[in-house]
2 protein chains.
Amino acid sequence: MLSKQQLIEYSEDARKNYVNHISIDCVVFGFHEGQMKVLLLKTNDEEKWYLPGGFVLKEEHIDNAAVRILQERTGLDKIFLQQFRVFGDPDRSKFHNDMYVGMLPKEENWFSGRFISIGYYALVDFFDVTPHPDQFSELCAWRDLDDMPEMQLDHEKIYKSALDALRLQLNYQPIGYNLMPREFTMPELQKLYETILGKKLDRRNFQRRILGFGILNRSEEPRKGGAHKAPYLYSFDMENYQNALTEGFKGGW
Amino acid sequence: MLSKQQLIEYSEDARKNYVNHISIDCVVFGFHEGQMKVLLLKTNDEEKWYLPGGFVLKEEHIDNAAVRILQERTGLDKIFLQQFRVFGDPDRSKFHNDMYVGMLPKEENWFSGRFISIGYYALVDFFDVTPHPDQFSELCAWRDLDDMPEMQLDHEKIYKSALDALRLQLNYQPIGYNLMPREFTMPELQKLYETILGKKLDRRNFQRRILGFGILNRSEEPRKGGAHKAPYLYSFDMENYQNALTEGFKGGW
DNA sequence: ACAAAAGTGTTTGATATACACCCATGT
DNA sequence: ACATGGGTGTATATCAAACACTTTTGT
């Protein structure tokens with residue numbers, strides 16, 4: 001919880017530096033141990049979680065604002081980011097209104113105004129992320145997609161909308177480069193798709209299909225030391241991958 | 001061209017009523033005589049055209065703002081509208097800056113600030129539209145998609161982006177209800193698809209496919225009086241159409 | 001030897017593509 | 001009669017779905 005003095009300072013600082021009425025909310029997807037995860041923040045004195053977010057500097061491109069915000073929360077530099085929607089309901093509670101209502105007169109509290117939020121989703125490598133709480137939070141942590149906590153404001157709507165957008169993207173773009181380690185096995189990649197889609201896929205058909213896209217290279221050497229038959233390792237062929245990103249495929253799962 | 005006095009009034013009015021820093025730009029697609037058209041505005045003293053647009057009232061949902069703006073420009077009430085992207089480059093010229101720079105000191109000119117624009121596209125029935133110029137324009141008119149004039153600001157980028165989004169939508173949603181008259185022939189509908197996609201389609205395959213979606217009803221009576229074999233008339237089956245809108249198809253053209 | 005994971009191939013049905021002929025109408 | 005636009009069907013290729021057996025390895 002911020003003190004009144006801190007709130008005043010943040011408010012003045014924000015008024016000076018940020019574009020008013022615009023916020024950015026990011027849904028950061030990671031993948032670990034066969035689970036899709038979303039990066040969330042939580043204050044210590046509230047049970048509600050919220051999405052990493054922030055504001056746009058006065059001379060900053062909105063896409064750069066999203067990059068900057070995510071860099072602050074994750075430490076990551078190169079992030080796959082996709083703008084997916086704007087949330088512009090006047091009743092989507094004003095930013096942090098719940099938390100700091102009454103502490104400052106409305107005129108002095110920059111955060112109390114109406115905010116129209118631009119939603120981005122990000123795909124990141126779970127292991128590369130070092131979660132950093134922001135000024136309003138004490139905790140920044142991954143949460144399983146199938147065990148999401150209650151969330152502030154309209155953030156539940158936002159992350160669900162992000163998931164829909166991600167599923168749509170699956171149909172015409174490759175994903176995975178940003179979510180998987182450099183080398184991975186076919187079953188691991190399949191797990192990623194299954195998690196995003198929320199349904200099981202046939203191993204054989206999955207393999208045929210994904211190989212058909214021509215975006216994977218298979219290593220000579222299978223992974224050893226596992227308890228079972230040694231699986232092959234794959235990595236993305238970046239040239240074809242990039243190409244597929246811009247060209248898009250036909251597909252549909 | 002506005003007088004200085006008018007500009008001052010508009011500026012004060014806008015400051016009072018609208019959310020600052022947010023604008024809305026609409027790409028209105030219509031279809032007439034086998035041509036895809038976009039509704040544009042033009043001032044009398046500038047050769048550059050621009051998209052219908054406006055601002056968001058302080059307590060208004062952004063989607064409603066788009067509806068209101070289009071209603072003002074087209075007279076239409078029920079419009080198929082789709083948010084497709086936000087344009088947030090700080091250098092996308094500030095709204096109407098070119099036109100009214102120097103007329104008012106920056107502080108007094110609400111329009112001179114930075115605007116982040118939310119892009120919507122709309123599909124409308126050409127014949128239902130009565131184009132109304134806005135306060136800044138003398139002309140509001142349809143322009144052919146393949147004969148688009150030079151445009152202000154980043155509006156060329158915006159309408160191209162809208163067209164991309166529309167083409168994407170073609171792959172998983174029915175369109176046409178909003179663009180075609182109540183009754184139409186199969187070749188007419190095909191022409192619409194061809195225009196949006198910018199390529200020719202096979203008559204027989206088009207028909208099979210579109211009928212397969214199950215969103216069309218064929219009238220008993222073919223259209224008469226044409227110069228050739230009388231074509232059947234179709235109309236959309238609204239129940240199935242609405243269903244397909246929410247469910248989406250698999251497809252891909 | 002067996003349980004568990006991973007590799008691989010075939011058959012079947014559906015959908016997309018390509019293509020050609022007949023019909024109705026006005027001139 | 002013919003030119004033009006419109007209606008319809010079939011054969012082929014391609015792709016998605018369903019499905020089962022074999023291999024490897026640790027226990």
Side-chain angles (χ1 to χ4, degrees), chain A residues 33-34 167 170-172 174 176 180-181 183-195 197-235 244 247-253, chain B residues 33-35 167 170-174 180-181 183-195 197 199-235 244 247-253:
Chain A
E33 289 181 344
R167 283 180 180 157
L170 224 54
N171 288 330
Y172 55 92
M180 302 296 289
E183 290 199 306
F184 49 88
T185 69
M186 193 58 75
E188 285 166 357
L189 184 61
Q190 182 177 342
K191 196 76 212 280
L192 170 65
Y193 274 74
E194 289 181 337
T195 314
L197 292 166
K199 67 179 181 192
K200 290 253 168 265
L201 301 171
D202 182 276
R203 280 191 306 136
R204 294 153 287 192
N205 295 336
F206 176 80
Q207 168 145 311
R208 189 181 7 247
R209 176 117 177 239
I210 207 102
L211 287 178
F213 293 154
I215 55 172
L216 293 180
N217 293 322
R218 188 163 92 172
S219 306
E220 300 295 316
E221 292 301 309
R223 170 184 294 170
K224 302 205 170 155
H228 304 291
K229 178 165 182 175
Y232 287 102
L233 287 170
Y234 293 86
S235 57
E247 299 288 318
F249 345 111
K250 298 278 176 83
W253 301 88
Chain B
E33 291 182 343
Q35 272 287 339
R167 283 179 181 160
L170 223 53
N171 289 329
Y172 56 92
Q173 287 193 334
M180 302 295 289
E183 291 200 305
F184 48 89
T185 68
M186 193 57 75
E188 284 165 0
L189 184 61
Q190 181 175 344
K191 196 73 211 277
L192 170 64
Y193 274 76
E194 289 180 338
T195 314
L197 292 166
K199 68 178 180 194
K200 289 252 168 265
L201 301 171
D202 182 277
R203 277 191 307 139
R204 294 152 287 193
N205 296 335
F206 176 80
Q207 168 147 322
R208 191 183 2 250
R209 178 118 175 237
I210 208 102
L211 287 178
F213 294 153
I215 54 171
L216 292 181
N217 291 322
R218 188 164 92 171
S219 307
E220 299 296 313
E221 292 302 307
R223 170 183 295 168
K224 303 210 168 152
H228 306 290
K229 178 167 183 177
Y232 286 102
L233 286 171
Y234 293 86
S235 57
E247 300 287 317
F249 341 114
K250 298 279 177 78
W253 301 89

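Every chain is numbered from 1, with letters handed out A, B, ... down the list of sequences. Note that this is a predicted model, so its numbers are computed, not measured.
Rounded to an integer number of Å, the gap from Lys200(A) NZ to dC19(D) C1' is 18 Å. Between the NZ atom of Lys199(B) and the P atom of dA16(C) there is a distance of 13 Å, rounded to whole Å. In this structure, Lys229(A) atom NZ and dA3(C) atom P are separated by 19 Å, rounded to whole Å. Atoms NE2 (His228(A)) and P (dA4(C)) sit 8 Å apart, rounded to a whole Å. Summarising the geometry, the separation between CZ on Arg209(B) and C1' on dA14(C) is reported as 13 Å, rounded to the nearest angstrom. When rounded to the nearest whole Å, the span between CZ of Phe249(B) and P of dT15(C) equals 14 Å. In this structure, Asp202(B) atom CG and dG7(D) atom P are separated by 14 Å, rounded to whole Å. Computed from coordinates, the Arg203(B) CZ to dT8(D) P distance equals 10 Å when rounded to whole Å.
Between Ala227(B) and Pro231(B), the residue anchored closer to the 5' end of DNA chain D is Ala227(B), taking for each the nucleotide with the nearest heavy atom. Along DNA chain D, the nucleotide nearest to Pro187(B) and the one nearest to Asn205(A) differ in position, and the one closer to the 5' end is contacted by Pro187(B). Along DNA chain C, the nucleotide closest to Tyr232(A) and the one closest to Arg208(A) are compared, and the more 5′ of them pairs with Tyr232(A).
By the ring pair (Phe, Tyr, Trp, His ring centres under 6.0 Å) test, Tyr234(B) is found to be paired with no residue, residues two or more places apart in sequence or in another chain being considered.
Arg218(A) has its side chain out of reach of Leu211(A): every pair of non-hydrogen atoms, C-beta onward, lies at least 4.5 Å apart. Residues Leu216(A) and Met186(A) form a side-chain contact, since some pair of their non-hydrogen atoms from C-beta on lies under 4.5 Å apart. In this structure the side chain of Phe184(B) never reaches within 4.5 angstrom of the side chain of Leu192(B), judged on heavy atoms.
Contact annotation: Arg204(A) side-chain N/O to dT22(D) OP1/OP2 distance is not under 4.0 Å.
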